[in-house]
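Sequential numbering from 1 along the given sequence is applied to the chain's residues.
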Amino acid sequence: MTNASPRWGTAAAYLASLVLLGACTTGEREAPVSVPVPVAVTPAPSPGVTGPVLNADGTCSQAAPGTATVIEPGIGECDLVRLKAKPATDVLVGEGRSGREVQVLYSEPGAKELYFFVNGRLNRIVKS
């Protein structure tokens, strides 16, 4: 009976390999893997936001009245772009605890300026 064990082990291994080979050669292909694609979504302005706001691409949602004459806290998002007289390097639009939050980056050789807006109004400026 000691001779039967190696045969049984060999037969079991042979059957297992047939099962594995059958699974590999059935001609079935795996379904392609789906990879999520990021989509830029501009959140709608919070209820407390009045006036035109920036879209994620840096354009204004509507014509700005153009009342601001100086870049200072409290001006609108579109007023900044109008006063800078050039498109922003990057714009991030999102929702935070305080409502709509927007970060506008202007990058120039040797300097970067980051403007933080909360609910459509300039809150803070960081220059580096």
Side-chain angles (χ1 to χ4, degrees):
M1 289 252 187
T2 56
N3 290 346
S5 293
R7 283 187 198 167
W8 179 251
T10 305
Y14 178 73
L15 287 174
S17 66
L18 286 178
V19 169
L20 288 175
L21 286 173
C24 292
T25 60
T26 59
E28 294 179 22
R29 295 185 180 188
E30 290 185 25
V33 177
S34 174
V35 178
V37 177
V39 176
V41 176
T42 302
S46 299
V49 178
T50 58
V53 293
L54 288 176
N55 297 315
D57 64 358
T59 60
C60 287
S61 61
Q62 57 189 3
T67 56
T69 57
V70 178
I71 297 173
E72 60 187 2
I75 67 170
E77 297 171 10
C78 291
D79 285 331
L80 172 71
V81 175
R82 181 182 54 81
L83 291 170
K84 293 294 276 182
K86 61 181 178 181
T89 304
D90 196 12
V91 176
L92 297 173
V93 179
E95 289 292 321
R97 281 190 258 166
S98 301
R100 177 183 167 87
E101 293 183 1
V102 177
Q103 296 176 16
V104 181
L105 172 67
Y106 278 93
S107 183
E108 298 176 15
K112 291 181 184 177
E113 298 173 347
L114 191 56
Y115 299 87
F116 294 90
F117 290 84
V118 176
N119 288 327
R121 298 288 162 216
L122 182 58
N123 181 279
R124 182 168 53 115
I125 303 169
V126 176
K127 295 182 180 186
S128 61

Is the side chain of [X] donor-acceptor paired with the backbone N or O of [Y] at a distance under 3.5 Å, no angle test?
X    : Y    : result
S107 : T89  : no
D57  : T59  : yes
N119 : R100 : yes

- [ ] Flag yes if more than 12 heavy atoms outside K84 fall under 6.0 Å of its NZ atom; otherwise flag no.
- [x]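 Atom NZ in K84 is packed in, count exceeds 12.
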Test of understanding: clusters of I, L, V, M, F, W, Y form through side-chain heavy atoms closer than 4.5 Å, transitively. Do [X] and [Y] belong to the same one?
X    : Y    : value
L92  : V81  : no
V104 : I71  : yes
L83  : L54  : yes
Y106 : F117 : yes

TODO: Would you give the length of the straight line joining atom CZ of R82 to atom OG1 of T69, rounded to the nearest 0.5 angstrom?
DONE: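 Rounded to the nearest 0.5 Å, the CZ-OG1 separation comes to 8.0 Å.
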Task: Nearest atoms (heavy-atom pairs only) where L105 meets K112 - done: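 For L105 and K112, the tightest heavy-atom pair comes out as CD1-CB, 4.3 Å.
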- [ ] Quick one: closest heavy-atom pair of P52 and A63, and the distance?
- [x]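 Distance-wise, the nearest heavy atoms are CG-O, 3.9 Å.
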Task: Chi angles and distances behind the side-chain contact (heavy atoms from CB on, under 4.5 Å) call for V102, V91 - done: CA-CA 7 Å; V102 177; V91 176; 4.1 Å; yes
Open item on the list: So N55 and V93, do their side chains get closer than 4.5 Å, heavy atoms only?
Closed with: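 A side-chain contact under 4.5 Å is absent here.
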- [ ] Compute whether any side-chain donor of one residue and acceptor of the other, for Y115 and E113, lie under 3.5 angstrom apart.
- [x]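 There is such a pair (donor and acceptor under 3.5 Å, judged by atom type) between the side chains of Y115 and E113.
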